[in-house]
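Have a look at the structure below, then the notes.
Chain A is the first sequence line, chain B the second, and so forth, proteins listed ahead of strands; every chain is numbered from 1.
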Amino acid sequence: MLTTIANLHNHIEEEVKIGVWMYNKRSSGKIQFLQLRDGSGTIQGVLLKNQVDSSIWDAAKNLTQESSLYVWGKVRKDDRAPSGFELDVINLEVIHIAEEYPIANKEHGVDFLLDHRHLWIRSERQRAILKIRAEIIRSIQSYLDSEGFNLVDPPVLTPSSCEGTTNLFHTKYFDEDAYLTQSGQLYMEAAAMALGRVYSFGPTFRAEKSKTRRHLIEFWMIEPEMAFVDHQGNLEVQEKLVSHVVQSVLTNCKLELKVLGRDISKLEKIQAPFPRITYDEAVERLQKAGVDFTWGDDFGAPHETLLAEQFERPLFITEYPTGIKAFYMKPNPERPEVVLCADMIAPEGYGEIIGGSQRIDDPVLLEKRFQEHDLPTKDYAWYMDLRKYGTVPHSGFGLGLERTVAWICGLEHVRETIPFPRMLNRMYP
RNA sequence: UCCCAAAUAGCUCAACGGCAGAGCAAUCGGCUGUUAACCGAUAGGUUGCAGGUUCGAAUCCUGCUUUGGGAGCCA
């Protein structure tokens, strides 16, 4: 029966069969070392010429990088092996002799690797990142589910923009114009009025000509929305969620973090509560640091980094000027020139990973905002209805998955955090 | 959209106005404990494209294409 490499520690001194790819080989005249992987882990297979059948010896000799095969062998503890185990190969059955493999066991350029992304993900480092991405998704969902949230799926095809500013991907819905979603938030507000606490998890699309290490054209967001929760309650959910996710990765992905060379001590400090500063205070801090910045402007990436560097935990910047934020955000009743919103800025220069706010629940004010922003009221009639039929205070936020993965993994660029990145000028593979 | 940089063997790079080279990968051979194994040999080229300067251009100039980094915008 087939077992996996991750499972071999349960089979010491036993004979096992595994299905594997050979990612590297080292050999001498009378001994061969096969570097084997099966997705669950890696192990070295050892063949001694005087101990295996010559046909098996020759078959092993002919294996090329990334050839696939079944291997029968005896699991042996060995302190010389990085994983602590080796496999003494008894028999093997070749499934496929791979053609010359483009990705060598050495350094490559980014362009080349992205062109071969379908193969690049086989590498130890990329596998570690995708494992951590999966763990992050798993821990987000299990946390929200355990806190009484329900997963609700908003549509991907939408009739118009949720937040007029960003560029949308245009497509056709038969004879009508349609756009790929850039946020499911407005639909989640409707869902929160039905189910109380909800969250969405899905892809979003921005046709922005952004070319930085923090941007993708297609990326995934988690968007929780909560009825009867105010601005402060919103922040508490966010910090608890993020600390839970970081601690889950620390517990369940030790090997992967080690492969990535991540500084664990920085992640261990990520415990709720997170520091909060207002926009006003952030501006003061920037000015004190010698930055020329006027109240009312939005922060750029360098500003966020400068502020985040003053803290070891993610930083909430709250209550931005109304003019630079989205139309649906609720003004502070005591100070209507700012809104009850917060951005969560990750440490170490990873930038904004969450944007959230309390939403406008007053139908009159929302109507006014539609006029001010020149939004088509017809397209948003359903959204106005939410305020007409039992409106309640409610809040929500959007968590950018790829930026979160990049931060937790300690990566230079978000392109490695998603299996097949969609970037400006790159849609292959 | 703007600013900066790069493009040479399958890959990573060198050659910077005067014979286009090395390492890795590939192929062949050697080696009984290798960890990106090592050693020897073989093969591998329209120097991104188009023009220009020059006795001579991978090298200098102009345009284009592609890619990377950054800005803006955002998650």
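- The nearest whole Å value for the distance from the CZ atom in R403(A) to the P atom in C73(B) is 12 Å.
- Between F327(A) and F370(A), the ring centre distance stays below 6.0 Å.
- Residue-level contact check: I103(A) touches neither bases nor backbone, having no heavy atom under 4.0 Å from any strand.
- Ring geometry, W382(A) versus Y187(A): the interplanar angle falls under 30°, so the pair is classed parallel (tilted spans 30 to 60°).
- Each of U1(B), A36(B), A26(B) was ranked by its minimum atom distance to the side chain of N24(A); first place goes to A36(B).
- A25(B) and A6(B) have their P atoms separated by 30 Å, given to the nearest Å.
- Atom pair E402(A):CD and C74(B):P shows a separation of 18 Å (rounding to whole Å applied).
- Phosphate proximity of G33(B) to R76(A): absent, as no side-chain N or O sits under 4.0 Å from OP1 or OP2.
- Taking the C1' atoms as reference points, C2(B) lies 30 Å from A58(B), given to the whole Å.
- When heavy atoms are screened at a 4.0 angstrom cut-off, Q44(A) is found touching base atoms of the nucleic acid.
- A gap of 7 Å separates the C1' atoms of G21(B) and A15(B), to the nearest Å.
- Across all strands shown, F219(A) has heavy atoms under 4.0 Å from base atoms, whether or not it also approaches the sugar-phosphate.
- At the phosphate of G10(B), neither OP1 nor OP2 sits under 4.0 Å from any side-chain N or O atom of H108(A).
- For the pair R276(A) and E281(A), the salt-bridge criterion is not met [side-chain N within less than 4.0 Å of a carboxylate O].
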Can you check side chain to side chain donor-acceptor pair (under 3.5 Å) on D297(A) and T294(A), steps first, answer last? CA-CA 6 Å; D297(A) 289 345; T294(A) 41; 2.9 Å; yes
Would you sketch RNA chain B in dot-bracket for me? Only Watson-Crick or G-U wobble pairs with both distances under 3.5 Å count, crossing pairs as [ ], other-strand pairs as |, the rest as dots. (((((((..((((....[..)))).(((((.......))))).....(((((..]....))))))))))))....
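- Remark: K325(A) does not engage E319(A) in a salt bridge, criterion side-chain N to carboxylate O under 4.0 Å.
- Here the P atom of nucleotide C74(B) and the CD atom of Q182(A) are 10 Å apart, to the nearest Å.
- Mapping H413(A) and K25(A) onto RNA chain B by nearest heavy atom places K25(A) closer to the 5' end of the strand.
- Heavy-atom nearest nucleotides on RNA chain B were determined for P102(A) and for K30(A), and the one closer to the 5' end corresponds to P102(A).
- Comparing U65(B) with U12(B), their C1' atoms are spaced 23 Å from each other, to the whole Å.
- Distance, I217(A) CD1 to C73(B) P: 16 Å, rounded to whole Å.
- When heavy atoms are screened at a 4.0 angstrom cut-off, I353(A) is found touching the sugar-phosphate backbone but no base atom.
- Nearest nucleotide to the side chain of K209(A), out of G68(B), G72(B), A26(B): G72(B).
- Closest approach to the F112(A) side chain among U34(B), U12(B), A71(B) is made by U12(B) (side chain taken as heavy atoms from C-beta onward).
- The CG-C1' distance, from N62(A) to A26(B), rounds to 14 Å in whole Å.
- Aromatic ring orientation, Y199(A) versus F149(A): perpendicular (interplanar angle above 60°, classes split at 30° and 60°).
- Closest contact between the side chain of D298(A) and the listed nucleotides G68(B), U35(B), C74(B) involves C74(B).
- Nucleic acid contact for A301(A): sugar-phosphate only, since backbone atoms but no base atoms lie under 4.0 Å from a heavy atom of the residue.
- Backbone-only contact: N425(A) has heavy atoms under 4.0 Å from sugar-phosphate atoms and none from a base.
- Within the 4.0 angstrom heavy-atom criterion, no nucleotide atom of any strand lies near T204(A).
- Between C38(B) and A75(B), the two P atoms lie 48 Å apart (nearest whole Å).
- Side chains of E225(A) and Q185(A): no donor on one and acceptor on the other come within 3.5 Å.
- Here the nucleotide nearest the side chain of N50(A), chosen from U32(B), U1(B), A75(B), is U32(B).
- Straight-line distance between the C1' atoms of U62(B) and A22(B): roughly 33 Å, to the nearest whole Å.
- Among the atoms of the strands shown, only primed sugar atoms or phosphate atoms (P, OP1, OP2) are found under 4.0 Å from some heavy atom of G300(A).
- Contact annotation for K49(A): no contact, since no heavy-atom pair falls under 4.0 Å across all strands.
- Under 3.5 Å, the side chain of S210(A) and the base of C73(B) form at least one donor-acceptor pair of N or O atoms.
- Between the C1' atoms of U32(B) and U27(B), the separation comes to 25 Å (whole Å).
- Look at OH on Y320(A): it is 14 Å from C1' on C73(B), rounded to the nearest Å.
- Checking T204(A) against E218(A) by side-chain atom types alone, no donor-acceptor pair falls below 3.5 Å.
- The cationic group of K17(A) lies under 6.0 Å from the six-membered ring centre of Y70(A) and within 45° of the ring axis, placing it in a cation-pi geometry.
- Evaluation of atom-type donor-acceptor distances gives no pair under 3.5 Å for the side chain of Q35(A) against the base of U35(B).
- The base of G33(B) is paired with the side chain of E86(A) by a donor and an acceptor separated by under 3.5 Å.
- Close to A71(B), at under 4.0 Å from its OP1 or OP2, lies a side-chain N or O of R214(A).
- The side chain of S27(A) approaches C31(B) more closely than any other nucleotide in the set C73(B), G70(B), C31(B).
- Rounded to whole Å, the separation between the C1' atoms of G40(B) and G45(B) comes to 25 Å.
- The aromatic rings of H303(A) and F299(A) stand perpendicular to each other, their planes meeting at an angle above 60°, with 30° marking the opposite boundary.
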